[in-house]
Amino acid sequence: MMNGALATESVERTVLIVDDNPANLGVIVDHLEDAGLHVSVAQGGEEALKRAQFIQPDLILLDVMMPGIDGFETCRRLKANEATREIPVIFMTALDDIHDKVAAFAAGGVDYVSKPFQVEELLARVITHLELRSARQRLIESELRYRRLFETASDGIVLLDRESGRITDVNPALSEMINLSPSQLLGRTFGETEPFSNNPSCKRVLDELRHRDHVWFEDWILETGRGTSVNVEVNGSVYKAATTTVIQCNLRDITDRKEAEARIRYMALHDALTGLPNRTLFEDRLDNAIAQARRHHGQVAVLMLDLDRFKNINDSLGHHVGDELLEQVAARLRACLRESDTAARLGGDEFAIILPEIASIEDAEIVAKRILEVLQEPFHVEQHELNIGGSIGIARYPDDGTDHGTLLRAADAAMYDAKAQGRGMYRFFSPELNEAAQLRHMLVNDVRHARQRGEFLLYYQPQLSLASHQISGVEALLRWDHPKHGIISPALFIPLLEELGLMSDVGEWVLRTACRQNAEWQAQGLPPMRTAVNLSAQQFYRGNIVKTVARVLEESGLEPKWLELELTETLTLDESETTIEIMNGLKNLGVGLTLDDFGTGWSSLSYLRRFPLDRIKIDRSFMRDVTTHENAAAVVHSILNLAQSLGLTCIAEGVETAEQLQYLKQQLCSEMQGFFFSHPLPAAEMPTLLRAATLAGLSSAESDGTVAPPGAATLAKSAMGK
Ligand SMILES: Nc1nc2c(ncn2[C@@H]2O[C@H](COP(=O)(O)O[C@H]3[C@@H](O)[C@H](n4cnc5c(=O)[nH]c(N)nc54)O[C@@H]3COP(=O)(O)O)[C@@H](O)[C@H]2O)c(=O)[nH]1
């Protein structure tokens with residue numbers, strides 16, 4: 001160092017020498033430059049002030065005795081000026097008076113050297129003060145850097161003196177977080193300052209930091225002073241400062257993260273559409289309810305609800321309507337239940353309900369009835385008035401199961417039983433239903449592969465003209481020849497195919513097979529007649545049914561006039577342009593359109609005028625009572641009148657007795673279909689019947705007064721002369 005090297009600096013340092021004596025200047029300049037310093041000179045106080053302001057030296061060597069303003073005054077003015085205040089000044093003085101030395105410090109000097117001076121001493125002092133200045137500058141920079149970090153940190157930071165527990169500093173983020181200015185916080189303890197005083201965790205942090213260096217808490221909730229609160233993650237640490245031990249608490253606002261976590265948790269446990277608990281949460285709540293009931297020897301009821309007609313609405317009006325409908329159903333369910341009950345959506349249109357505190361079986365019955373009642377009320381979605389309904393299965397803990405899986409399966413089996421009984425019913429589980437449930441489960445698995453395995457076949461049921469007494473057509477009816485269970489009714493498996501989304505595919509197979517069969521019978525020389533094919537809602541609305549029908553007709557070579565499509569009334573509940581467009585497309589192909597199951601629907605009759613129909617089929621439920629109940633007879637009469645006024649023909653299905661037939665003839669109904677003439681028959685049996693059966697058989701049955709139906713087999717046999 002004495003040899004002129006600055007120990008810590010590689011940057012060139014500038015020293016301003018102020019002396020009116022050029023000889024002095026020369027000597028000092030040489031030595032300082034030899035020491036690697038950059039030197040600038042001024043020969044008087046005024047000049048020194050200007051140069052110092054301009055060049056900003058790192059140190060000033062200032063002579064005391066100068067003409068004009070002396071060194072003391074020069075120093076005072078340097079210190080008075082903001083731009084030069086921090087520059088260290090070393091006085092060079094020939095004076096050896098103690099008063100002058102004191103005056104030098106009083107004027108703001110950091111040191112002095114006495115003339116004549118030792119070069120080594122001068123250099124040592126210069127370099128020491130240059131290094132001190134560097135160190136001070138580094139300190140200031142460091143302080144600024146850390147202050148800036150403190151001031152701009154997004155975490156709130158509060159510093160406390162560990163000894164007194166008093167707040168010594170807070171950053172703006174903390175002030176902002178709790179809406180208090182630093183002056184409202186500094187000097188106070190946590191206990192004296194809301195919101196810290198309201199939070200027991202704050203005291204815990206301080207207590208723990210008495211014997212640990214670091215603590216972390218995630219669950220602070222701080223009031224913001226604006227009527228809201230924030231979730232805070234706290235990192236507390238302790239460090240020793242020069243004279244005190246400091247506690248630093250960094251407070252991170254994790255409200256958004258907590259909300260996101262809560263949202264994710266909510267989404268994992270709730271159905272996104274309806275906001276109801278999902279299966280996971282439902283099962284958890286059911287487990288709890290069971291545990292509770294076990295402790296108190298109580299009972300729990302589980303209700304499984306499936307909506308009637310929902311799939312048709314979804315298929316015909318679109319998913320947005322279906323979704324809105326499900327939301328409204330969920331709202332009605334909530335309104336029916338107590339706070340302690342749980343309604344959940346398990347998927348599709350399947351809802352489940354826990355009644356955790358039932359006193360008796362009647363309680364469950366009351367709730368089931370209430371739910372069915374509220375579901376009977378029409379729903380309004382967009383411009384549609386929708387009538388659905390529900391089927392409910394009820395299972396009870398402990399009678400029907402002691403775990404959630406068994407209870408759900410039992411309620412499910414009971415629900416299918418309710419469905420099988422008709423719409424809008426509830427049923428309790430009984431052990432016999434287990435078998436049915438197992439069968440259903442097996443059917444669901446098997447029906448997926450039934451078409452590929454060639455297990456589907458068509459039966460045909462004749463339709464007769466009541467005027468000509470001739471077979472006017474046949475209805476193609478799907479059957480499933482199950483390898484183990486034999487022929488299975490479509491009423492059992494078509495809903496499964498619809499649930500699995502397979503009905504369009506199977507329906508197309510039905511259409512193709514029926515058209516080919518009809519063309520083949522005609523090719524065999526049998527009298528031409530219509531084949532009626534049922535179209536499901538899925539088939540009607542998914543894919544392009546018009547194109548499919550056109551392709552099938554072309555492939556089979558069947559003239560369109562021999563194909564009749566039966567649309568169920570539940571399918572055509574929608575009067576939308578799409579429905580009418582599809583119907584017109586089908587009509588333009590030249591095929592006939594029949595409205596099936598007429599009278600069982602609920603929508604307005606106005607669509608009858610708008611839809612391009614040829615025929616309506618009176619539902620068999622009316623035929624059953626037509627000769628015994630006046631109301632049923634009145635309905636059939638009205639339907640026939642309505643059809644006539646609209647120029648539509650009518651076919652009555654489900655004709656089982658001669659009386660029913662007689663009534664239809666009196667009422668001038670055009671056609672009939674029913675067991676009275678023939679059950680549905682396999683395709684192979686049809687040619688014989690078609691050749692032989694006419695209404696001659698029927699006429700004989702009527703004229704001899706017998707009410708026993710001759711049946712297709714009898715007719716066929718008599719026609720064949722057997
Ligand atoms: N989308 C499709 N639906 C189809 C298809 N094949 C049948 N179905 C529908 O399944 C339901 C049950 O049909 P099924 O068991 O075949 O019953 C039909 C007849 O057997 C029955 N019927 C006929 N005459 C009588 C009678 O005198 N009494 C009596 N109790 N039942 C009788 O009616 C059913 C025909 O009904 P419909 O179609 O309404 O004319 C049924 O809804 C079928 O529509 C298919 O390929 N696709």
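First listed ligand is number 1; within each ligand, the first listed atom is number 1. Worth knowing before you read on, the calculation uses all heavy atoms, side chains too, and leaves out hydrogens, waters and symmetry mates. Just so you know, residue 1 is the first one in the sequence shown, and it goes up from there.
Ring orientation note: the planes of Phe456 and Trp509 are tilted relative to one another, at an angle of 30° to 60°.
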*Please lay out, stage by stage, how Asn434 and Gln438 fare under the test side chain to side chain donor-acceptor pair (under 3.5 Å).*
CA-CA 6 Å; Asn434 266 336; Gln438 277 163 14; 5.6 Å; no
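His482 approaches Ile488 most closely through the heavy-atom pair CB-CD1, 3.5 Å.
In Gln421, the CD atom is crowded: over 12 heavy atoms of neighbouring residues, nucleotides or ligands sit closer than 6.0 Å.
Residues Phe351 and Leu326 form a side-chain contact, since some pair of their non-hydrogen atoms from C-beta on lies under 4.5 Å apart.
Using a 4.0 Å cut-off between charged side-chain N and carboxylate O, Lys587 and Asp614 make a salt bridge.
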Pairs under 3.5 Å, N/O atoms on ligand 1 and on the protein: can you put them in a table with the distances?
unit_1	atom_1	unit_2	atom_2	d
ligand 1	6 (N)	Leu478	N	3.0
ligand 1	16 (O)	Arg479	NH1	2.8
ligand 1	16 (O)	Arg479	NH2	3.0
ligand 1	24 (N)	Gln461	NE2	2.9
ligand 1	27 (O)	Phe675	N	2.8
ligand 1	28 (N)	Glu656	OE2	2.5
ligand 1	30 (N)	Glu656	OE2	3.2
ligand 1	33 (O)	Arg620	NH1	2.8
ligand 1	36 (O)	Arg620	NH1	3.3
ligand 1	36 (O)	Glu653	OE1	3.2
ligand 1	38 (O)	Glu475	OE2	2.7
ligand 1	38 (O)	Asn534	OD1	3.2
ligand 1	38 (O)	Asp596	OD2	3.2
ligand 1	39 (O)	Asp596	OD1	3.1
ligand 1	39 (O)	Asp596	OD2	3.0
ligand 1	39 (O)	Asp597	OD1	2.9
ligand 1	39 (O)	Glu653	OE1	3.3
ligand 1	39 (O)	Glu653	OE2	3.4
ligand 1	40 (O)	Glu475	OE1	3.0
ligand 1	40 (O)	Glu475	OE2	3.3
ligand 1	40 (O)	Lys617	NZ	2.7
ligand 1	40 (O)	Glu653	OE1	2.5
ligand 1	44 (O)	Asn534	OD1	3.4

